[in-house]
Undergrad: 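If you scroll down you'll find the structure; I have some questions about it.
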Amino acid sequence: MTTGLWLTMWITHFLSQLLLALGAEALNFPYESSQLTQQDVGNFSAISFGNPLSVPSVYQGPKCKVQPEDTTWPSEKQWAQLNATLDGNLLKPHPLGAACYPDRPEYNMDTCAYLLGPATTTRLFFGDPLNALTTWGEGATCLQLLNTTGRTCTQGGFPVYVVNATSVRDMQAAVNFARNQNLRLVIKNTGHDFIAKSTGRGALSVWTHFLKGIEFLSDYSIGEYKGAAARISAGMEAWEAHNAMVNAGNITVVTSLESTVGNGGGWALGGGHGPLTSLRGLGADQVLSLNIITADGRFLTADANQNQDLFFALRGGGGATFGIVTSMIVKAWPGQTRIGGLTFYLTTGTGQMTIPSARGYPSSPPVHIADAETFWKAYRVYLGFAKQIVDAGGFGFGDVNPQGNSTYVLVGTITLPDYPSERIRDFYTPLFSSLSEIGVNVPNPRHTFLPYAQAGIGVTPISFPGSPADRLFVSRLLPRSLWANGSRLDAVAAVNRQNAEMGYRVTARIYGPSAEAAGYPGNTTSAVNPAMRNMVIHCVTFKQEPVDILPPAEFRAEHAKLRARINELVRLTPDSGTYFNEADILEPEWRTSFWGEHYPRLLKIKKAVDPWGLFWAPKTVGSEEWEVVTADGLPTQNGPLCRTGT
Ligand SMILES: Cc1cc2nc3c(=O)[nH]c(=O)nc-3n(C[C@H](O)[C@H](O)[C@H](O)COP(=O)(O)OP(=O)(O)OC[C@H]3O[C@@H](n4cnc5c(N)ncnc54)[C@H](O)[C@@H]3O)c2cc1C
């Protein structure tokens, strides 16, 4: 770490302590005013603060983070002392799925059946300290299954201890304990991660889920920004922000599409798209200031005036990398944004069909196209229209759902925030005229307007069930240049068709967080992937069938097959990349794919603020220095975290 950066961080820390001592309102939420002091540390050296300057420039620590079976694992006495420091907030949970295994003390078939049925539409999984929504990424070590014959339930890739964070003090103690004891540390908020970044074998987990709060600030200025803002807590989910907007009446905060994603956590730190992205930018573009606990255990603010390197890195550089963000101040937009939107369905094939939900927008009855070639021509027409959606500040879906037996359903959704109501029909009519020209007549397309906080996403937390999911997932950003060259877009459409014909679900999230939409400070400097500034579609391809039950060789084969398909899109878009928060666990060239030219600067900042390599998750900045060594060689979190020698 450079002496200059280190000194700046210390000065900031002392100033905030001084303001606190003077009674000034230097900090945000009440949970942030309780901080770890030298007095709290006392004789318990396991929670003493770190000094980045004392870390040798060449790593000299143990090869691996300590595991429960190692002799260097902290003693029961030390864990008990940590728990006492945390006022009893240290949990030692077992995986929920244990209820399905007869040899486990938690065995209870009623509970198991409940987990597999009614619980999937409740908040139960979000209220669990371990649950990660991606089961294969954890290592599939305790699957919830009615028939568990031949399977076991172990702690596997789940953490051993969890700090149910109630204050900054709790989290500082956890950070110091993990660093001093050479433990793997993970941060979990909602557990919404496609590659299970918020879990890890033998880890101590900091669970930010119950740090809840949102507060609107009518007049906030920093740097070049002057206007309304909102403080949001680390544990805030999109639906909670929507409820707060409804209650406040006349204000809008940019949020994710899915209502249970953690907007104060991984979503904004890694980018964060949503229905307002083409108009207002990404979640990361909203951020004006953040509070964070860094790897030395200190509590800092990063914004345009202080800790500017961290401020750059935390807006798009990813969660789980630079520290634990405890809250952030984001832009708030005057007025309640209204979204005009519609959905249409095109189908082909003779198999049975399930029509996905229209997310609250009016939809015409599905239009069946007998000729498959015409169906795919219609798909190409819709892809061609995507740029207009982005240019109008809109957000859309173009999802092809294969249903077996050469049967497909295309769901097209167009949403336009704050678009002049008298012009909205004129906006989408040309799309339906072009479809008519190829013989696809969508009868009476019509739109409706919804207040943003209710538009297609709902204000309830159960609009997206929180049960564990299991998807192999690959993605690519489609750049604007494709729309200047019809034959290249034809080629993209052809690849997507082949992928759907192979049974993959092919989704297009249509949005474009241009520098103009981002505004200050995102348009001047941020770690957001430069490829996102120039995109029109985020193309995501899923394997629909579960992979967590597959033997390792089959998992590898399935992954290779899917990867080969997305590589076809990579070939057609060599200068693009993909979105860090929604990408393949084995993304090749991931540093440039996620961050382009920003990577060297991000790595330098990472090494400066965390020379211990304390914060680690797969495919994050600096992650190349460590790897999870799994017994089966799969890219899961079920193994010790060890140095790679890179
Ligand atoms: C079903 C589903 C729907 C999704 N929908 C969208 C969408 O609409 N738009 C979109 O952009 N993305 C979406 N995503 C991707 C999502 O943005 C990312 O997975 C994001 O990282 C989730 O953050 P989280 O805090 O909710 O989840 P978690 O899994 O708890 O955390 C994700 C990562 O962020 C880290 N992290 C969390 N909190 C903090 C913190 N306070 N400080 C530092 N690091 C932290 C974790 O350690 C982990 O590495 C979706 C994902 C899923 C599974």
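Order of listing sets the numbers, starting from 1, for every ligand and every atom in it. Scope of the values below: all heavy atoms of this structure, side chains included, with no hydrogens, waters or symmetry mates. Counting from 1, the numbers follow the sequence of the chain as shown.
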Undergrad: Purely on distance, is any nitrogen or oxygen of Thr208 under 3.5 Å from one on ligand 1?
TA: no
Undergrad: Is a donor from one side chain sitting under 3.5 angstrom from an acceptor on the other, for Trp333 and Gln286?
TA: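 A pair is found: one side chain offers a donor N or O, the other an acceptor, under 3.5 Å apart.
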Undergrad: Quick check: His192 with Phe125 (ring centres under 6.0 Å apart)?
TA: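 Centroid distance Phe125-His192: not below 6.0 Å, so no.
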Undergrad: Does Gly318 have a non-hydrogen atom less than 4.0 Å from ligand 1?
TA: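 Not so, Gly318 does not reach ligand 1.
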Undergrad: Do Arg509 and Phe397 meet the cation-pi criteria used here (NZ or CZ under 6.0 Å from the six-membered ring centre, within 45° of the axis)?
TA: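 Yes, a cation-pi geometry holds between Arg509 and Phe397.
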Undergrad: Which option wins on minimum heavy-atom distance to atom 38 (N) of ligand 1: Gly265, Ser256, Ser205?
TA: Gly265
Undergrad: What atoms of ligand 1 come within less than 4.0 Å of a heavy atom belonging to Gly272?
TA: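 Listed by number with element: 11 (O).
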Undergrad: Between the side chains of Asp193 and Lys188, is the shortest nitrogen-to-carboxylate-oxygen separation below 4.0 Å, so that they form an ion pair?
TA: no
Undergrad: Can you confirm, on distance only, whether ligand 1 has an N/O atom lying under 3.5 Å from any N/O atom belonging to Val325?
TA: yes
Undergrad: Which atom names give the shortest non-hydrogen contact between Val536 and Val390, and what distance separates them?
TA: O-CG2, 3.6 Å
Undergrad: Answer yes if the side chains of Ser256 and Asn263 hold a donor-acceptor pair under 3.5 Å, and no otherwise.
TA: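 Result is yes, a qualifying pair exists.
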Undergrad: Can you find an N/O atom of Gly191 closer than 3.5 Å to an N/O atom of ligand 1?
TA: yes
Undergrad: What atoms of ligand 1 come closer than 4.0 angstrom to any heavy atom of Gly323?
TA: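 Heavy-atom distances to Gly323 below 4.0 Å select 42 (N), 43 (C).
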Undergrad: Go through ligand 1 atom by atom and flag the ones less than 4.0 Å from a non-hydrogen atom of Phe194.
TA: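 By the 4.0 Å cutoff, the relevant atoms are 2 (C), 50 (C), 51 (C), 52 (C), 53 (C).
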Undergrad: Has ligand 1 got any nitrogen or oxygen that is less than 3.5 angstrom from a nitrogen or oxygen of Ile324?
TA: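 Ile324 vs ligand 1: no N/O contact under 3.5 Å.
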Undergrad: At the 4.0 Å heavy-atom cut-off, does Val186 count as touching ligand 1?
TA: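 For ligand 1, residue contact (heavy atoms, under 4.0 Å) with Val186 is absent.
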Undergrad: Under 4.0 Å, counting heavy atoms only: does Gly270 come that close to any atom of ligand 1?
TA: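 So Gly270 does not count as touching ligand 1.
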Undergrad: For ligand 1, is there an N or O atom under 3.5 Å from any N or O atom of Leu269?
TA: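 In fact, backbone or side chain, Leu269 has no N or O that close.
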Undergrad: Kindly identify the option in Gly137, Ser327, Gly266 whose heavy atom sits closest to atom 36 (N) of ligand 1.
TA: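 Looking at heavy atoms only, Gly266 sits closest to atom 36 (N) of ligand 1.
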Undergrad: Just which atoms of ligand 1 are under 4.0 Å from any heavy atom in Glu258?
TA: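 Listed by number with element, the hits are 3 (C), 4 (C), 5 (N), 8 (O).
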Undergrad: With salt bridge (Lys or Arg N to Asp or Glu O under 4.0 Å) as the criterion, how do Glu240 and Lys212 come out once you've worked through the C-alpha distance, each side chain's angles and the decisive distance to 0.1 Å?
TA: CA-CA 9 Å; Glu240 291 163 321; Lys212 300 286 189 189; 3.1 Å; yes
Undergrad: Within ligand 1, which atoms have a heavy atom of Asp193 less than 4.0 Å away?
TA: 19 (O), 21 (O), 29 (O), 32 (C)
Undergrad: Would you say Leu257 and ligand 1 have an N/O pair spaced under 3.5 Å apart?
TA: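 By distance alone, the answer is yes.
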Undergrad: Which residue in the set Lys619, Arg476, Arg563 passes salt bridge (Lys or Arg N to Asp or Glu O under 4.0 Å) when paired with Asp584?
TA: Arg563
Undergrad: What pair of heavy atoms forms the shortest contact from Thr620 to Tyr599, and how long is it?
TA: O-OH, 4.4 Å
Undergrad: Return the set of residues passing salt bridge (charged side-chain N to carboxylate O under 4.0 Å, His left out) with Arg471 (not counting sequence neighbours), or none when no residue passes.
TA: none
Undergrad: For Tyr579, give me all partners under ring pair (Phe, Tyr, Trp, His ring centres under 6.0 Å), at least two apart in sequence or on another chain.
TA: His273, His538
Undergrad: What atoms of ligand 1 come closer than 4.0 angstrom to any heavy atom of Val261?
TA: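 Result: 3 (C), 4 (C), 5 (N), 6 (C), 17 (O), 26 (O), 50 (C).
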Undergrad: Can a donor-acceptor pair be found between the side chains of Thr199 and Glu138 at a distance below 3.5 Å?
TA: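 No donor-acceptor contact under 3.5 Å links the two side chains.
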Undergrad: With a 4.0 Å heavy-atom cut-off (strictly under), which part of Glu237 contacts ligand 1: side chain, backbone, both or neither?
TA: neither
Undergrad: Considering both backbone and side-chain atoms of Gly262, is one of its nitrogen or oxygen atoms within less than 3.5 Å of a nitrogen or oxygen in ligand 1?
TA: yes
Undergrad: Side-chain donor-acceptor pair under 3.5 Å between Asn89 and Thr166, yes or no?
TA: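 Yes, a side-chain donor-acceptor pair sits under 3.5 Å.
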Undergrad: Flag the pair Asp285 and Arg280 as a salt bridge only when some basic side-chain nitrogen lies within less than 4.0 angstrom of an acidic carboxylate oxygen.
TA: no
Undergrad: Any idea which atoms of ligand 1 are less than 4.0 Å away from a heavy-atom of Ser198?
TA: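 Near Ser198, meaning under 4.0 Å from one of its heavy atoms, ligand 1 has 28 (P), 29 (O), 30 (O).
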Undergrad: On a heavy-atom basis, I'd like to know which of Thr190, Thr134, Val206 is closest to atom 24 (P) of ligand 1.
TA: Thr190
Undergrad: So if I count the atoms of ligand 1 from 1 in the order they appear, which ones are less than 4.0 Å from some heavy atom of Lys197?
TA: 48 (C), 49 (O)
Undergrad: Taking a cutoff of less than 4.0 Å between a non-hydrogen atom of the residue and any ligand atom, is Tyr579 in contact with ligand 1?
TA: yes
Undergrad: Does ligand 1 have an atom under 4.0 Å from some heavy atom of Gly271?
TA: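 Contact check Gly271 vs ligand 1: negative.
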